[in-house]
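Note sheet for the following structure.
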Amino acid sequence: MNKQEIIEILSDNTKNDWLFNKADKVRRANVGDEIHLRALIEFSNICKRQCQYCGLRSPNKEVERYRLSKAEILSSVQSAVNLGYKTIVLQSGEDDNYYSDKMCDIIKEIKNYDVALTLSTGEKSFDEYKAYKEAGADRFLLRIETTDKKLYEQMHPHASFENRIRCLQDLKTLGYEVGTGCLVGLPNQTIESLADDILFFKEIDADMIGIGPFIPHPQTPLKDTAQGDFWLALKVMALTRINLPNINIPATTAMETILPNGRIIALQSGANVVMPNVSIIDCRPKYEIYPNKAGINDDIKLYREQLEEKLHSIGRTISKEKGFRKGK
Ligand code: SAH
């Protein structure tokens with residue numbers, strides 16, 4: 001699709017059912033009915049950045065900060081592996097304490113299990129990304145958040161749009177499967193810029209795209225900004241599926257947080273991945289990027305069983321594979 005076509009669909013709500021159905025068909029034809037589960041471990045909420053929307057931003061003094069040890073991380077990995085997870089995702093704020101050597105050591109330990117490993121630890125140097133890759137990391141998630149450079153720089157004080165792009169290019173060069181994505185509903189974000197976001201995903205040939213509605217956090221400068229619209233976020237996701245047919249697309253936690261059953265609706269509108277939270281239960285409320293995050297109290301075993309049942313009820317099954325991008 002070209003930009004004009006995308007804008008037209010995003011601006012017109014009369015054909016939403018057609019769009020979601022079409023994305024569902026494209027999903028089935030290209031990546032099938034299997035759902036890939038990724039076990040998410042939020043291993044540190046310490047962050048040096050000041051992203052205007054995020055509850056973990058460094059000026060937020062009300063959040064109790066934590067940083068898991070290698071042993072604690074590995075214990076969550078073990079529990080996830082025992083339940084059959086084939087991908088581990090390590091996510092954190094931008095916490096410089098996990099300098100390259102320490103991180104590489106954790107990566108190597110995790111790769112002793114038969115799992116794929118995804119990192120989501122923010123902006124690093126080429127050399128750091130290289131060290132993680134050589135240690136065994138397979139994938140990296142780094143959302144561009146928005147491709148509107150002006151808006152990007154308003155939302156990320158002291159950060160540069162160019163560096164974000166540089167990171168994504170470095171990750172590609174190093175042979176990672178690269179995940180990116182955007183927030184929907186940032187203040188002053190336009191439909192045109194959302195169309196540009198989708199074209200950007202295509203241009204960099206992203207392997208995974210995560211899209212979530214913006215959810216205001218009370219301890220951030222955006223606390224009084226309206227929440228992003230579920231249906232607009234879903235439309236951006238569906239259009240992403242249609243334009244990048246064989247990639248992996250999660251039904252994001254933010255979607256489930258703002259609409260009950262949001263995750264299942266997303267899985268029926270183009271998504272094929274779920275990322276259950278397997279972090280130690282005490283830490284979960286502290287990893288508060290936005291409030292009322294779905295899944296914060298779920299027991300990991302029970303959650304998986306209930307999810308499997310729900311997936312079966314919509315004709316889907318849980319994959320036993322690592323779930324790399326198909327046909328690449
Ligand atoms: N430090 C890592 C991980 C950030 S948290 C990084 O920079 O990539 C993962 C994602 O949560 C972010 O990329 C952002 O898109 C999303 N997020 C943060 N705050 C949010 C909010 N208030 N509402 C919705 N999503 C949010």
Side-chain angles (χ1 to χ4, degrees), residues 38 40-58 60 63 65 67 89-98 103 118-124 128-129 132 139-147 151-152 155-161 163-168 170-171 176 178-187 189 194 197 201 206 208-230 232-233 236-237 250-259 262 275 277 279 283-284 286-295:
R38 321 295 199 195
L40 175 66
I41 300 172
E42 297 158 338
F43 67 98
S44 165
N45 69 352
I46 297 174
C47 191
K48 64 179 181 189
R49 298 190 40 147
Q50 300 179 27
C51 308
Q52 303 281 30
Y53 43 80
C54 183
L56 302 186
R57 64 200 306 274
S58 60
N60 182 7
V63 58
R65 304 284 171 170
R67 178 184 283 145
V89 182
L90 288 187
Q91 192 179 78
S92 68
E94 281 196 22
D95 179 356
D96 285 338
N97 183 270
Y98 292 89
M103 197 68 209
T118 307
L119 301 178
S120 178
T121 58
E123 294 178 20
K124 306 285 170 194
E128 256 177 293
Y129 289 144
Y132 302 161
R139 311 180 181 134
F140 206 103
L141 299 178
L142 185 78
R143 290 185 179 171
I144 188 70
E145 317 292 1
T146 173
T147 54
L151 179 59
Y152 182 91
M155 290 294 112
H156 306 97
H158 316 295
S160 97
F161 182 69
N163 195 51
R164 199 83 175 169
I165 301 272
R166 189 273 305 159
C167 289
L168 289 168
D170 284 354
L171 292 165
Y176 282 92
V178 176
T180 185
C182 64
L183 282 165
V184 176
L186 291 171
Q189 191 178 34
L194 289 170
D197 293 353
F201 304 155
M208 307 172 276
I209 293 293
I211 288 155
F214 156 69
I215 304 172
H217 187 291
Q219 286 139 23
T220 64
L222 300 187
K223 62 181 188 312
D224 298 322
T225 305
Q227 176 172 287
D229 181 67
F230 176 87
L232 182 58
V236 174
M237 192 202 80
T252 56
T253 307
M255 286 189 175
E256 179 76 5
T257 299
I258 66 165
L259 188 76
M275 297 170 67
N277 192 326
S279 305
C283 297
R284 292 189 213 164
K286 298 178 197 155
Y287 199 87
E288 198 185 57
I289 51 183
Y290 49 77
N292 306 315
K293 218 166 50 158

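Keep in mind that the numbers below use all heavy atoms, side chains included, and drop hydrogens, waters and symmetry copies. Heads up: numbering here begins at 1 and tracks the sequence. Every number for a ligand or one of its atoms is a count from 1 in the order of the listing.
- Protein heavy atom at the shortest distance from atom 14 (C) of ligand 1 is Glu145 OE1, 3.4 Å.
- Scanning the protein heavy atoms around atom 19 (N) of ligand 1, the nearest turns out to be Tyr53 CD1, 3.3 Å.
- Protein heavy atom in closest approach to atom 25 (N) of ligand 1: Leu183 CD2, 3.2 Å.
- Nearest protein heavy-atom contact of atom 10 (C) of ligand 1 is Arg143 NH1, 4.2 Å.
- Note that atom 4 (C) of ligand 1 has no protein non-hydrogen atoms nearby, at separations under 4.0 angstrom.
- Of the N or O atoms in His217, none lie within a sub-3.5 Å distance of an N or O in ligand 1.
- An N or O contact shorter than 3.5 Å links Ser92 to ligand 1 by distance.
- With a 4.5 Å cut-off on side-chain heavy atoms, His217 and Ile289 do not count as touching.
- Residue, atom and distance of the protein heavy atom nearest to atom 6 (C) of ligand 1 are Gly122 CA, 3.8 Å.
- When Pro213, Pro216, Ala254 are checked for heavy-atom proximity to atom 24 (C) of ligand 1, Pro213 turns out nearest.
- Taking distance alone, with nitrogen or oxygen atoms compared against 3.5 Å, Ile215 approaches ligand 1 more closely than that limit.
- Proximity of Met275 to Leu141: side-chain heavy atoms (C-beta onward) are separated by under 4.5 Å at one or more points.
- At most 12 non-hydrogen atoms from other residues, nucleotides or ligands lie less than 6.0 angstrom from CG of Asn292.
- Residues Leu232 and Leu194 are in side-chain contact: their nearest non-hydrogen atoms beyond the backbone lie under 4.5 Å apart.
- To the nearest 0.5 Å, the span separating NZ on Lys286 from CG on Asn45 amounts to 8.0 Å.
- Side-chain contact check for Thr220 versus Tyr53: every heavy-atom pair is 4.5 Å or farther apart.
- Nearest to atom 11 (O) of ligand 1 among the protein's heavy atoms is Ile289 CD1, 3.5 Å.
- Regarding atom 9 (C) of ligand 1, its nearest protein heavy-atom neighbour is Gln91 NE2, 3.5 Å.
- Remark: Lys223 engages no residue in a salt bridge (charged side-chain N to carboxylate O under 4.0 Å, His left out) (not counting sequence neighbours).
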